[in-house]
Amino acid sequence: MPTELLTAQQAADLLGMSKTGIYGLVYKRQIPFYKPNKRLLYFRRDELIDWATFNRSTPDSELEATAATKAIRGLK
């Protein structure tokens with residue numbers, strides 16, 4: 001399957017951001033991007049999804065379930 005390249009506007013739409021916000025992340029080098037001709041920006045869809053989901057915050061319900069499972073195992 002070929003890698004899907006996105007423009008700045010498409011990347012913004014994918015991430016629910018403004019195009020200006022995308023450019024800000026590029027300027028700070030906080031988001032993966034490609035600039036093959038020193039002018040146009042491109043983004044790989046898979047890399048943007050990986051970037052957006054990198055620091056997952058675990059919900060309390062999941063933490064409680066994990067703690068309960070560990071507590072039960074500890075009693076045996």
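The first residue in the sequence is number 1, and the count goes up from there. Predicted model only: the values in this text are computed from it and were never measured.
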- Given a cutoff of under 4.5 Å between side-chain heavy atoms of I, L, V, M, F, W and Y, with clusters grown through shared members, what are the other residues clustered with Y23? L6, L14, L15, M17, I22, L25, V26, I31, F33, L41, F43, L48, I49, W51
- Spacing of OH belonging to Y42 relative to CD belonging to E4, to within rounding of 0.5 Å: 13.5 Å
- Message: Could you work out, with side chain to side chain donor-acceptor pair (under 3.5 Å) as the rule, every residue matching E64, not counting sequence neighbours?
- Response: none
- Does S18 have any side chain to side chain contact (heavy atoms under 4.5 Å, CB included) partners at least two apart in sequence or in another chain, and if so, which? T20
- Message: Applying side-chain hydrogen bond (donor to acceptor under 3.5 Å, both in side chains) as the test, list every pair that has at least one member in residues 24-36; sequence neighbours left out.
- Response: Y34-E47
- Between atom CZ of R45 and atom CG of L5, what is the distance when rounded to the nearest 0.5 Å? 12.0 Å
- Item | Flag, side chain of D50 to backbone of T53, donor-acceptor distance under 3.5 Å | no
- Message: Once salt bridge (Lys or Arg N to Asp or Glu O under 4.0 Å) is applied, do any residues pair with D46, and if so which ones, sequence neighbours excluded?
- Response: R44
